[in-house]
Amino acid sequence: MHKVAVIGSTGYSGQELVDILLKHSDVELACVTARFDDSPKYADIFPRFKNRTSLCCEKLDVEKISKTCDLVFLALPHTVSMTVAGEFLKKGTKVIDLSADYRLPMDKYREYYKKEHLDKENIPKAVYGLPEINRDSIKNANIISNPGCYPTSVILGLLPIIKDISLSESEIIVDSKSGTSGAGRKADLDLSFSEVDGNFKSYKENVHQHMPEMENILSKETGKDISINFVPHLLPVKRGILSTIYVVNKANLNQDQVYAKFNEYYKNEPFVRVINSKNMPQLKDVVNTNYCDIGIRVVKNVIIIVSAIDNLLKGASGQAVQNMNIMFGFNEREGLF
Ligand SMILES: NC(=O)c1ccc[n+]([C@@H]2O[C@H](COP(=O)([O-])OP(=O)(O)OC[C@H]3O[C@@H](n4cnc5c(N)ncnc54)[C@H](OP(=O)(O)O)[C@@H]3O)[C@@H](O)[C@H]2O)c1
């Protein structure tokens with residue numbers, strides 16, 4: 001049985017990984033890490049794991065972990081993952097990185113993350129872990145850059161039609177809303193209960209760091225320069241992302257034609273559900289699942305696509321385990337039902 005580790009196991013996506021991996025039939029969770037001096041029991045930090053694991057939360061020790069583990073999940077902040085991913089790869093341990101460190105070309109990384117990349121060698125080796133486009137490359141990868149949460153919802157919402165519609169600058173507008181867990185577990189005044197509860201606001205309008213990731217992947221898929229206008233919003237809920245995507249309907253497609261394209265594109269995908277009824281996607285149908293739900297309306301001259309995911313599952317840890325399942329040749333749904 002393969003042994004795996006979760007690095008950064010006390011964060012929101014780290015805890016989700018631990019939860020999924022403890023239920024997984026084909027791997028053993030052998031190590032969890034965070035920055036503690038005294039190696040507390042994981043179940044003492046998070047009592048919901050009592051009677052489920054006796055692991056202690058260790059300090060990160062690449063040498064020791066790579067001796068026992070075949071694969072590590074890096075659930076670390078961006079700029080931290082790139083300081084350890086290369087060390088694991090050198091020891092022959094596969095890496096699935098949930099941070100943004102291996103998702104962008106170097107110039108874009110510098111521009112949006114305001115830091116020089118420290119592991120230039122491994123950027124081109126990293127496979128973008130969106131199974132719906134890269135399943136074959138994921139099978140043979142040693143390092144996966146797990147997609148961002150907003151990009152997962154937006155890219156999946158555009159893939160089936162992006163090649164068919166002729167688009168120029170400013171013809172895709174994305175309005176996304178995320179729950180607070182998208183920003184991680186660290187303390188932040190703007191994310192405190194009293195600031196968020198009962199409120200709703202936009203932020204980083206057209207300058208958010210996930211925008212170049214969407215543009216980069218969609219441009220690669222189409223061979224064209226795809227530009228996106230992206231405005232994220234903070235919802236007063238804990239988890240979930242709902243993206244509303246507006247595309248100018250230049251090809252004059254009707255609703256049935258657009259649905260047909262989505263149904264065909266995703267017909268064999270285990271975790272994308274095209275909602276063909278009069279209902280549209282909603283957070284309560286995807287939260288705590290690894291599904292991306294997509295609904296479509298073609299009205300006036302606009303194709304409106306609504307795409308919903310759980311940011312911590314299909315937008316992070318669920319997708320990371322889906323990638324591991326593909327890498328190890330397991331059932332892609334294992335641990336994620
Ligand atoms: N939250 C989401 O919805 C989401 C979605 C997709 C991708 N991601 C990405 O996934 C990564 C983890 O996100 P998260 O939301 O789980 O973050 P988080 O809740 O802030 O957790 C970060 C984890 O990393 C550890 N850590 C922080 N600084 C560290 C350092 N300098 N060295 C070693 N360990 C450190 C933290 O533990 P200690 O501080 O206790 O050591 C904690 O376990 C991020 O890169 C994030 O952008 C998050």
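As the structure lists them, so they are numbered: ligands from 1, and atoms in each ligand from 1. Only heavy atoms go into these numbers, but all of them, side chains included; no hydrogens, no water, no symmetry mates.
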Give me the residue, atom name and distance of the protein heavy atom closest to [atom].
atom                    : result
atom 4 (C) of ligand 1  : A316 CB, 4.1 Å
atom 21 (O) of ligand 1 : G11 CA, 3.1 Å
atom 28 (N) of ligand 1 : R35 NH2, 3.2 Å
atom 10 (O) of ligand 1 : L98 O, 3.5 Å
atom 19 (O) of ligand 1 : R185 N, 2.8 Å
atom 36 (C) of ligand 1 : T10 OG1, 3.9 Å
atom 16 (O) of ligand 1 : S13 OG, 2.6 Å
atom 45 (O) of ligand 1 : L76 O, 2.7 Å

Could you tell me, atom by atom, which parts of ligand 1 come under 4.0 Å of a heavy atom of [X]?
X    : value
P77  : 24 (O), 26 (N), 27 (C), 28 (N), 45 (O)
S181 : 1 (N), 2 (C), 3 (O)
S9   : 43 (O)
L312 : 1 (N), 2 (C), 3 (O)

Pick one of side chain, backbone, both or neither for how [X] approaches ligand 1, counting any non-hydrogen atom pair under 4.0 Å.
X    : value
S81  : neither
A183 : neither
H78  : backbone

Below 4.0 Å from ligand 1: does a non-hydrogen atom of G315 turn up there or not? yes
Candidates F271, Y266, F337 - the one meeting ring pair (Phe, Tyr, Trp, His ring centres under 6.0 Å) with Y291: F271
For the residue pair D101 and H78, confirm or rule out a side-chain donor-acceptor distance under 3.5 Å. no
Distance alone, cut at 3.5 Å: any donor-acceptor contact between the side chains of S202 and E205? yes
Looking at atom 48 (C) of ligand 1, would you say a protein heavy atom lies below 4.0 Å from it? no
Ion pair check, [X] and [Y], cut-off under 4.0 Å:
X    : Y    : value
E215 : K108 : no
K41  : E58  : no
E195 : K201 : no
R52  : D19  : yes
D97  : R103 : no

Tell me, do Y128 and N216 make a side-chain contact under 4.5 Å, heavy atoms counted? no
Testing the basics here: between V32 and S9, what is the closest heavy-atom pair and its distance to 0.1 Å? CB-OG, 3.5 Å
Taking N or O atoms only and a 3.5 Å limit, does Y12 qualify as a polar contact for ligand 1? yes
Decide whether an N or O pair under 3.5 Å exists between G8 and ligand 1. yes
Side-chain heavy atoms nearer than 4.5 Å, only ILVMFWY residues, links allowed to pass through others: does that put L130 and Y102 together? yes
Of I309, V287, V286, the one forming a side-chain contact (heavy atoms from CB on, under 4.5 Å) with R239 is V287
